[in-house]
Amino acid sequence: MDVRALLRRSGGPVTRDRIRDDLAALGLGRGDTVMFHTRLSAIGYVPGGPQTVIDALLDVVGTTGTLMVSCGWNDAPPYDFTTWPRTWRDALRAHHPAYDPELSEAEHGNGRLPEALRRRPGAVRSRHPDASLAALGPSAAALMADHPWDDPHGPDSPLARLVALGGRVLLLGAPRETMTLLHLAESLARAPGKRFVTYEQPVQVNGERVWRTFHDIDSTDGAFDYSSVVPAGQDPFAVIVRSMLDAGIGRAGAVGAARSCLFEAGPAVDFGVRWIEEHLSTPV
């Protein structure tokens with residue numbers, strides 16, 4: 001990490017109180033339930049790293065607010081292991097540890113913040129291995145409870161509960177395509193050609209390791225083929241979020257050196273559903 005470059009970008013250290021003040025200016029407030037996505041390096045040089053960012057977020061939402069992140073499972077078996085040679089499959093099935101909400105690492109590709117938050121005392125992580133989320137605050141248990149095994153991004157998911165609670169989504173220097181909430185829009189949208197995946201992962205059931213089959217929209221390669229409506233090389237979610245901002249949904253501002261956006265979860269999902277249905281032919 002080039003600390004001097006980060007310092008120059010952000011005009012000095014981006015301290016806890018600076019992050020707190022910038023988040024408040026963006027519109028985050030006390031009592032908010034907020035799902036956040038962060039690219040730490042975009043903020044600048046943050047003394048204390050992820051813990052400082054989490055502390056600043058907690059300063060803003062207060063004791064009545066709740067933080068939420070998308071975790072996933074970094075060491076989940078690959079979807080296609082069932083196509084491996086028989087001896088390889090048998091070895092994986094016999095020895096791969098079960099997903100453990102307390103111990104299994106969050107997906108590294110989601111950055112450092114999800115892992116830092118899920119390790120916080122009092123944090124609650126959902127039971128779904130592949131689509132796990134974590135939350136910290138008074139609404140954490142309600143958000144994470146009984147995460148559906150199938151359709152884990154759908155109408156009974158923690159994402160839908162975030163909407164029901166009047167929650168918000170914060171892109172804190174994170175790319176626009178990281179808005180996980182739009183997977184809920186994909187699940188809800190009535191448009192042709194929706195793509196699904198079926199896969200197996202080991203979980204704990206009554207203290208025993210059990211391989212379970214899961215069914216979900218394809219959240220990796222895309223629940224729909226967006227190639228006819230999204231320019232080549234652009235991410236569909238980034239295009240949708242940009243359209244959302246152009247339509248006046250969400251607020252943009254800087255947190256440290258990071259270009260950031262704050263959205264109301266409900267209107268963001270509604271917009272995503274409309275965008276998908278309008279661009280991907282007539283609803284079915």
Side-chain angles (χ1 to χ4, degrees), residues 14 16-40 42-43 46 50-71 106 110-120 122-126 132-145 147 153 157-185 237 241 244-245 249-256 258-272:
V14 184
R16 175 174 171 174
D17 58 348
R18 181 176 169 187
I19 296 172
R20 179 197 64 213
D21 293 346
D22 286 351
L23 287 169
L26 185 61
L28 195 66
R30 188 163 299 276
D32 280 349
T33 296
V34 59
M35 182 176 187
F36 67 96
H37 305 270
T38 308
R39 176 173 285 176
L40 187 61
I43 301 173
V46 179
Q51 301 300 342
T52 296
V53 176
I54 292 171
D55 286 338
L57 283 159
L58 290 171
D59 287 344
V60 178
V61 303
T63 57
T64 58
T66 298
L67 306 181
M68 177 171 157
V69 290
S70 179
C71 289
N110 290 335
R112 298 170 63 192
L113 271 294
E115 180 69 8
L117 184 99
R118 77 156 192 90
R119 288 174 173 264
R120 282 267 175 148
V124 181
R125 189 177 183 184
S126 70
S132 74
L133 300 105
L136 176 66
S139 296
L143 284 165
M144 298 297 112
H147 192 167
H153 296 99
S157 69
L159 299 176
R161 294 172 196 162
L162 176 71
V163 172
L165 287 175
R168 314 178 85 180
V169 174
L170 171 67
L171 301 183
L172 182 53
R176 292 170 179 173
E177 60 263 28
T178 61
M179 188 189 277
T180 302
L181 186 68
L182 287 176
H183 288 311
L184 172 59
F237 279 15
V241 171
M244 201 180 297
L245 289 166
I249 297 172
R251 299 180 58 178
V255 177
R259 183 179 67 173
S260 302
C261 301
L262 182 65
F263 301 89
E264 304 299 326
V269 170
D270 291 343
F271 184 93

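All of these numbers come straight from a predicted model, not from anything done at the bench.
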Got a second to check how far [X]'s [atom1] is from [Y]'s [atom2], nearest 0.5 Å?
X    : Y    : atom1 : atom2 : answer
L136 : R125 : CG    : CZ    : 14.5 Å
M179 : M244 : CE    : CE    : 5.0 Å
L26  : D21  : CG    : CG    : 12.5 Å
L57  : T38  : CG    : OG1   : 7.0 Å
M144 : C71  : CE    : SG    : 8.5 Å
T180 : M35  : OG1   : CE    : 4.5 Å

Inset, instruction - Would you please name every residue forming a salt bridge (Lys or Arg N to Asp or Glu O under 4.0 Å) with R119, sequence neighbours left out? - result: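 Testing R119 for salt bridge (Lys or Arg N to Asp or Glu O under 4.0 Å), a comparison that skips the adjacent residues, returns E115.
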Inset, instruction - Sort and list the pairs that fulfil ring-ring contact (aromatic ring centres under 6.0 Å, His included) and have at least one residue in residues 16-37, not counting sequence neighbours. - result: none
Inset, instruction - Go through F263 and L245 one step at a time and tell me if the side-chain contact (heavy atoms from CB on, under 4.5 Å) criterion holds. - result: CA-CA 9 Å; F263 301 89; L245 289 166; 3.7 Å; yes
Inset, instruction - Determine which pairs satisfy salt bridge (charged side-chain N to carboxylate O under 4.0 Å, His left out) with at least one residue from residues 136-145, sequence neighbours left out, and list them in order. - result: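 Every pair satisfying salt bridge (charged side-chain N to carboxylate O under 4.0 Å, His left out) with a residue in residues 136-145: there are none.
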Locate the shortest heavy-atom distance separating [X] from [Y]; write the atom from each residue and the value.
X    : Y    : answer
A42  : G173 : CB-O, 3.7 Å
L181 : A268 : CD2-CB, 4.2 Å
L40  : R112 : CD2-NH1, 3.6 Å

Throw together a table of side-chain donor-acceptor distances under 3.5 angstrom for residues 157-171, partners on residues two or more places apart or in other chains.
from	atom 1	to	atom 2	distance (Å)
S157	OG	G154	O	2.6
S157	OG	L159	N	3.2
S157	OG	A160	N	3.2
R161	NH1	L143	O	2.9
R161	NH1	A145	O	2.4
R161	NH2	A145	O	2.9
R161	NH2	D156	O	3.2
R168	NE	E264	OE2	2.9
R168	NH1	G27	O	2.8
R168	NH1	D32	OD2	2.8
R168	NH2	E264	OE2	2.9

Inset, instruction - Name all residues meeting the side-chain contact (heavy atoms from CB on, under 4.5 Å) criterion together with R16; count only those two or more places apart in sequence or in a different chain, and write none if there are none. - result: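 side-chain contact (heavy atoms from CB on, under 4.5 Å) check on R16 returns T52, D55, A56, D59.
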Inset, instruction - Check whether more than 12 heavy atoms from other residues, nucleotides or ligands sit under 6.0 Å from atom CZ of R20, and answer yes or no. - result: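 Buried by this count: over 12 neighbours within 6.0 Å.
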Pair up each side-chain donor or acceptor in residues 60-69 with any protein partner under 3.5 Å, not counting sequence neighbours, and list the distances.
from	atom 1	to	atom 2	distance (Å)
T66	OG1	S139	N	3.0

Legend entry - Flag side-chain contact, heavy atom, 4.5 Å: P175 against R39: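 When only atoms from C-beta onward are counted, R39 and P175 do touch, with a gap below 4.5 Å.
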Legend entry - With T178 via side chain to side chain donor-acceptor pair (under 3.5 Å) - residues at least two apart: none
